[in-house]
Amino acid sequence: MNQQASEPAKIYDPQTAEPAVSDQWLNSDAFKPRLDADEHYSITLPPPNVTGSLHMGHAFSDTIQDILIRWQRMQGKSVLWQLGLDHAGIATQMVVERQLDAKGEHRRDLGREKFIEKVWDWKAESGGMIFGQMKRLGLSLDWSRERFTMDEASSNGVREVFVRLFEEGLIYRGKRLVNWDPVLETAVSDLEVVHGEEQGHFWHIQYPHADDPSKHVIVATTRPETMLGDGAVAVHPSDERYQDLIGKELILPLCGRTIPVVADDYVDPEFGTGCVKITPAHDFNDYEVGKRHDLPLINIFTNRAHINDDEIIPEQYRGLDRYEARERIVADLEAEGLLYKVEDHEHKVGRGDRSHAVIEPYLTDQWYVAIQDLADPAIKAVEDGDIRFVPQHWEKTYFEWMRNIQDWCISRQLWWGHRIPAWYCEDCDHITVDRGTPECCGGCGSKKIRQDEDVLDTWFSSGLWPFTTLDWPHDSMEMQKFYSTNVLVTGFDIIFFWVARMIMMGLKFTDKVPFKDIYIHALIRDAQGQKMSKSKGNVIDPLEIIDDYGADALRFTLAHMATPGRDVKLDVKRIESNRNFMNKIWNAARFVFMNRGDAAPDADVKPTSDVNRWVLSELNSTAREVEKALAEYRFNEAAGTLYNFIWGTYCDWYVEAAKVSLYKDDEASKAETQVVMLTVLDGWLRLLHPICPFITETLFQELHGPDARLVTSDWTGSYADDEQAVSRMNRVMEIVTAIRSIRGEMNVSPGKKIVARIAASDSVRSELESQQKVLMSLARLESLEWLAEGSDVEGAAVAPLAEVTVFLPLAGLVDVAEELARIEKNIAKAEKDVASLEGRLSNQKFVDSAPEAVVAKVRTDLDENKAKLEELQAAKERLKEL
RNA sequence: GGGCGCUUAGCUCAGUUGGUAGAGCACCGCCCUUACAAGGCGGUGGUCGCAGGUUCGAGUCCUGCAGCGCCCACCA
């Protein structure tokens, strides 16, 4: 339907409103830190990977941060929300390699430089998409301070840290077993290997004795191909079956060489045959056994996990893929009669979290960070409360990992990332580590030096992010004002990868914690509780949701579901109902603007009517509750409190009650109501703004004029508490609800006006008489008569309340049988309540030991229920007589 | 094997110093009452996983058990 510009549409259209205010914000300095404030507040946005676009998990995390940021900004602080992007080494390199693959190209054909240019192109494209999404969500990031983990400032920081750690001996180069991804052809860290149960086989192989090949031992293995690299067979030292064997030699089948039998506690005599083949270069446990027994490290693989050309390996297996080799070896063993048996066997297999390739323990030279010296202060910072996890229980996860932490392998055999700042010399074995680009060897001065080909683990630069974004190592103004940051908002899945490393690096290089609080939020799942993933096809794209329902509805939904410590099942129906909430807000405001007259909001307004005093008092309670909830990171409560107040209190009760004053009262009363109506709208628009910035900004400008900006306005003020008005209005609402309830249960049409009589004491009556018009309007009464306390009314439906009794004469309304049934139902409930309350009071221990207020409350409740019961029974008798 | 979390209305979930259980959705009934049918009003619905314990009183605290989920380690 067509609406004129001066008359806002009946249906709120976020597609019109959101881009308009978004442009206003982005074309102003609204999101930049204020220069005139003494107090500072900062959050570093966890930098999204430049691997594509954002998913719902990002929207969730980012919304939470934006709520905090907008709230703090409205409190007048100088606020910095630092944005940036992560180069995400492996992940991004894979994306670009896949793009090449689709065109039939390979990175090696392009060469390193050309390939990296392609990745930079992709970074620009992905970054553009990501920033576009963030703007649609309304995130109030400081867009003038965009950073990237591979920009100059971050790269400077990375080199500074590497050099300092190297100089202190905390970075070292070592040859040891690493987790090797044979598809990506790089080392990965322990954390990047995911273990899962997979169906495999357990091959039992006979290894003949060297001194008597007619005898043999049986070893059981899940990886027969690794026997090419066997260095020994191990048995448990106290295993009686094999005592004679220890120290003897066995013939390694297919290879012909001999290997010793060693005794080692590592072997579990109960498992398998109690004899274990030991392959020190291809198994982490065997590596340790090998070291204890001085066994040779025989590497049988290439970087791609093909059998290599080492002369110790029989020729027929060289060049085979590891699984081809397995088949051949099993077949050959069988042919030689050395395969004793094969069993099905389920066992854990480690795969790369990116490539999903089976990871090989592989012997290589890599760079490591000696972690213990960094870990100790990082553990202490959390123990001492300098850093606080919210919810607190996540500190257990943190401690568990930190107290068992292993040295960190930081080198990766990739092209995309920070090149390791180490140079090798052709003329001596000195390694030159330098912040810049050295011209000659720091050891012998030779100019024949070449830089390490490898790059650093992505998390190395991420770990420095809270301070490299503020231009560390320079002692910048930003470092002074905005570091330490106030809070880190992230998911539990990267506590080890990222959070722990930021703490370690932050403490080491800035002597300060990188953040004071860590708010750990849940994971977003689909409506069925499944993790969202592209392969499952259950991904909900934030942009589609924003297109369909608006960013505010999405943000409100996410905030409302942000219960600490629980996964969030995102159901589109929730978003739809919150879209309806936005529409409700729109229409409530539309009503207010239609009836505002010449009035303006006035936070100091001192109204006289109970209705107006009551709503201001309720607004004040709401403001305090929302503040408390936000201060404690309870976003669901902040959202829930606002929902209840705006819809339940303001729309359902206040606006309806205000209509009486607006339409039926004198000019003074009407004017007062107009001011209060606007003031309260103004109040909750401010309160809601951090969660729903678009609609609140739009309405705020409608309220205060086109030059007003809610985004940089003050947070809500305080309003007069008024217990008296609250208690009076509670009584009014109780009466109205009671009348509506009877009408509803008796199926009296809402349009039908009815007569009501209310019995009350003189004092209650005089108080209620001032609300007569409100009562009549809200309960849709034709007339309202007052009766003396204790009066009876013949032939009426009755509702006994705390201090008044409401009678609705039945004539023409309902039949007696229906009312009788309704009364019976209420009698049953009252009897149950009375019995329960009496039971509690008859317990002397309860009366003696419970707090006075609790006992008093029970007494009051009992009195009220008893009176209620009497009245209901009297009413029942009267009805029976009819 | 070690650790963590969850179990409340048909569904999804709130419930913070222990004081007689709440919301949204769904469902049923009456309504286009001049802000809103993406709405209004009313209503049905729960022995808070099981078993003990502490307490005058337990959804809430303690112990054990069961089911579900996750993390870490790991038997070749």
Side-chain angles (χ1 to χ4, degrees), chain A residues 8 10-12 190-191 195 202 219-223 226 234 266-268 270-279 283-286 289 345 347-348 391 393-394 396-397 399-401 404 492-493 495-496 522-523 527 529 549 560-561 563 565-571 573-574 576-595 632 634 636-637 640 643-644 648 651-652 655-656 659 663 736-737 740-753 777-778 780 832-833 836-837 839-840 843-851 853-855 857-858 861:
Chain A
K10 287 170 95 171
I11 304 256
Y12 172 58
D190 297 345
L191 292 173
H195 298 273
F202 213 16
V219 301
T221 180
T222 57
R223 301 205 57 194
T226 62
Y266 157 70
V267 180
D268 174 3
E270 304 294 318
F271 189 84
T273 60
C275 293
V276 191
K277 60 191 275 307
I278 300 296
T279 318
D283 181 281
F284 289 104
N285 287 310
D286 292 5
V289 175
H345 184 66
H347 63 130
K348 290 269 175 127
H393 73 256
W394 287 111
K396 289 186 185 174
T397 304
F399 286 139
E400 187 191 323
W401 188 67
N404 297 291
F492 57 80
D493 49 333
I495 288 177
F496 306 146
L523 248 45
Y549 301 101
H560 205 176
M561 302 201 308
T563 306
R566 194 195 255 278
D567 284 353
V568 174
K569 288 185 200 167
L570 187 66
D571 191 338
K573 287 172 89 173
R574 286 284 186 130
E576 189 181 333
S577 78
N578 286 322
R579 184 272 315 262
N580 295 353
F581 179 42
M582 297 304 122
N583 195 48
K584 184 76 179 177
I585 287 171
W586 179 256
N587 280 292
R590 210 159 59 86
F591 171 83
V592 170
F593 297 144
M594 280 163 57
N595 291 283
E632 294 170 9
R634 295 200 312 264
N636 61 315
E637 281 191 29
Y643 186 94
N644 290 336
C651 295
D652 288 347
V655 167
E656 293 306 318
K659 284 176 183 171
Y663 299 154
V736 170
T737 301
R740 284 173 175 173
S741 175
I742 293 173
R743 294 181 67 126
E745 288 190 58
M746 299 289 108
N747 287 335
V748 178
S749 158
K752 188 172 172 64
K753 300 264 179 135
S777 172
L778 296 182
R780 306 208 133 251
K832 202 179 139 197
D833 288 347
S836 157
L837 293 163
R840 292 175 71 189
N843 182 343
Q844 195 56 41
K845 281 186 176 173
F846 168 71
V847 179
D848 291 344
S849 42
V854 172
V855 178
K857 174 80 164 63
V858 172
D861 287 352

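Proteins come first, then strands; the chains are lettered A, B, ... in the order of their sequence lines, and each starts at number 1. These values consider heavy atoms only, across backbone and side chains, with no hydrogens, waters or symmetry-generated copies.
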| field | A:Arg574 CZ - B:C13 C1' separation (whole Å) | value | 6 Å

| query | With a non-hydrogen cut-off below 4.0 angstrom, is A:Arg634 in contact with a base, only sugar-phosphate, or nothing? | reply | base

| query | Does OP1 or OP2 of B:G19 have a side-chain N or O of A:Lys857 closer than 4.0 Å? | reply | no

| task | Describe the nucleic acid contact of A:Lys348 in one word from base, sugar-phosphate, nothing, applying a heavy-atom distance below 4.0 Å. | result | base

| When the nearest nucleotide of RNA chain B is assigned to A:Asn636 and to A:Gly272 on a heavy-atom basis, which residue is associated with the more 5' position? | A:Asn636

| Heavy atoms under 4.0 Å, any strand shown: does A:Arg740 hit a base, just sugar-phosphate, or nothing? | sugar-phosphate

| Distance test, side-chain N/O of A:Tyr663 to OP1/OP2 of B:A35, below 4.0 Å | yes

| said: side chain to side chain contact (heavy atoms under 4.5 Å, CB included), that's the test. Do A:Val854 and A:Phe846 meet it? Break it down for me. | reply: CA-CA 10 Å; A:Val854 172; A:Phe846 168 71; 4.1 Å; yes

| Non-hydrogen side-chain atoms of A:Arg590 and A:Lys10 separated by less than 4.5 Å | yes

| Any-strand Watson-Crick or G-U partner of B:A73, both distances under 3.5 Å | none

| said: Tell me the interatomic distance from A:Asn583, atom CG, to B:G39, atom C1', rounded to whole angstroms. | reply: 9 Å

| message | Does B:U55 have its OP1 or OP2 closer than 4.0 Å to a side-chain nitrogen or oxygen of A:Ser849? | response | no

| Paired with B:U47: which nucleotide, if any, by Watson-Crick or G-U wobble criteria at under 3.5 Å for both distances? | none

| message | What contact category does A:Glu656 fall into here, base, sugar-phosphate, or nothing, at under 4.0 angstrom with non-hydrogen atoms? | response | base

| query | Is the distance from OP1 or OP2 of B:A23 to the nearest side-chain N or O of A:His560 less than 4.0 Å? | reply | no

| said: Whether A:Asn580 contacts B:G39 is assessed here as follows: a side-chain N or O lying under 4.0 Å from the phosphate OP1 or OP2. Is that the case? | reply: yes

| said: Can you identify which nucleotide, out of B:C41, B:C56, B:G29, has its nearest atom closest to the A:Phe846 side chain? | reply: B:C56

| request: Answer with base, sugar-phosphate or nothing: what part of the nucleic acid does A:Asp571 contact at a heavy-atom distance below 4.0 Å? | output: nothing

| message | In the structure I gave you, are the side-chain heavy atoms of A:Ile495 and A:Trp394 within less than 4.5 Å of one another anywhere? | response | yes

| message | Taking any heavy-atom pair under 4.0 Å as a contact, classify A:Arg780: base, sugar-phosphate, or nothing. | response | base

| field | Residue pair A:Phe492 / A:Leu523, side-chain heavy-atom distance below 4.5 Å | value | yes

| When all nucleic acid strands are considered with a 4.0 Å heavy-atom cut-off, which category describes A:Val267: base, sugar-phosphate, or nothing? | base

| field | Touch class at under 4.0 angstrom, heavy-atom based, for A:Lys659 against every strand present | value | base

| request: Consider the side chain of A:Phe492, meaning its heavy atoms from C-beta on, and name the nucleotide among B:C70, B:C36, B:U20 that approaches it most closely. | output: B:C70

| task | In whole angstrom, give the distance that lies between atom CE of A:Met582 and atom C1' of B:C36. | result | 14 Å

| task | Report yes if some heavy atom in the side chain of A:Tyr643 is under 4.5 Å from a heavy atom in the side chain of A:Asn578; otherwise report no. | result | yes

| message | Checking base pairs now: Watson-Crick or wobble, both atom distances under 3.5 Å. What partners B:G59? | response | none

| note | From CZ of A:Phe399 across to P of B:G3 the rounded distance in Å is 17 Å

| message | Of the listed nucleotides (B:C25, B:G2, B:G42), which one gets closest to any side-chain atom of A:Glu400? | response | B:G2

| note | A:Lys569 atom NZ is separated from B:G69 atom P, nearest whole Å, by 11 Å

| said: Measuring from the side chain of A:Thr222 (C-beta onward, heavy atoms only), which nucleotide among B:C71, B:U33, B:A76 has the closest atom? | reply: B:A76

| said: Would you measure the distance from the P atom in B:A9 across to the matching atom in B:C48 and give it in whole Å? | reply: 10 Å

| task | Would you check if there is a donor-acceptor pair between the side chains of A:Asn843 and A:Arg840 at a distance under 3.5 Å? | result | no

| B:U7: pairing nucleotide in any strand, Watson-Crick or G-U under 3.5 angstrom | B:A66

| What is the pairing partner of B:C30, taking Watson-Crick or G-U wobble pairs with both distances under 3.5 Å in any strand? | B:G40

| Distance in angstrom units between A:Tyr643 OH and B:G24 P, rounded | 6 Å

| Mutual orientation of the aromatic rings belonging to A:Phe202 and A:Phe271 [parallel < 30°, tilted 30-60°, perpendicular > 60°] | tilted

| Under-4.0 Å side-chain N/O to phosphate OP1/OP2 contact, A:Lys396 with B:G3 | no

| query | Mapping A:Ile11 and A:Arg743 onto RNA chain B by nearest heavy atom, which one lands closer to the 5' end? | reply | A:Ile11

| note | The Watson-Crick or G-U wobble partner of B:C13, with both key distances under 3.5 Å, is B:G22

| Can you tell which of B:A76, B:G42, B:A35 lies closest to the side chain of A:Thr221? | B:A76

| For A:Lys752 and B:C30, is the shortest distance between a side-chain N/O and OP1 or OP2 below 4.0 Å? | no

| message | By the 4.0 Å heavy-atom rule, please label A:Leu837 as base, sugar-phosphate, or nothing. | response | base

| field | Separation of atom CZ in A:Phe581 from atom C1' in B:C25, rounded to whole Å | value | 16 Å

| request: Using the P atom as the reference point in each nucleotide, state the distance between B:G15 and B:C30 in Å, no decimals. | output: 37 Å

| task | Would you mind classifying the nucleic acid contact of A:Cys651 as base, sugar-phosphate or nothing, using non-hydrogen atoms under 4.0 angstrom? | result | base

| field | Touch class at under 4.0 angstrom, heavy-atom based, for A:Glu745 against every strand present | value | sugar-phosphate

| note | Winner on side-chain proximity to A:Pro750, out of B:C31, B:A26, B:A76, is B:C31

| remark: Partner of B:U54 under the Watson-Crick or G-U wobble criteria, both distances under 3.5 Å, comes out as none

| Separation of B:G57 C1' from A:Arg840 CZ (nearest whole Å) | 7 Å

| message | Is A:Ser749 close enough to B:C31 that one of its side-chain N or O atoms is under 4.0 Å from OP1 or OP2 there? | response | no

| field | Close side-chain approach of A:Trp401 and A:Leu191, heavy atoms under 4.5 Å | value | yes

| Nucleotide of B:C72, B:G42, B:G24 approaching A:Phe496 most closely (side-chain heavy atoms) | B:C72

| task | Using a 4.0 Å heavy-atom cut-off across all strands, classify A:Asp286 as base, sugar-phosphate, or nothing. | result | nothing

| Does A:Lys10 make a side-chain N or O approach to OP1 or OP2 of B:C36 shorter than 4.0 Å? | yes

| said: Is there a salt bridge (Lys or Arg N to Asp or Glu O under 4.0 Å) between A:Lys659 and A:Glu656? Walk through the geometry before answering. | reply: CA-CA 5 Å; A:Lys659 284 176 183 171; A:Glu656 293 306 318; 3.1 Å; yes

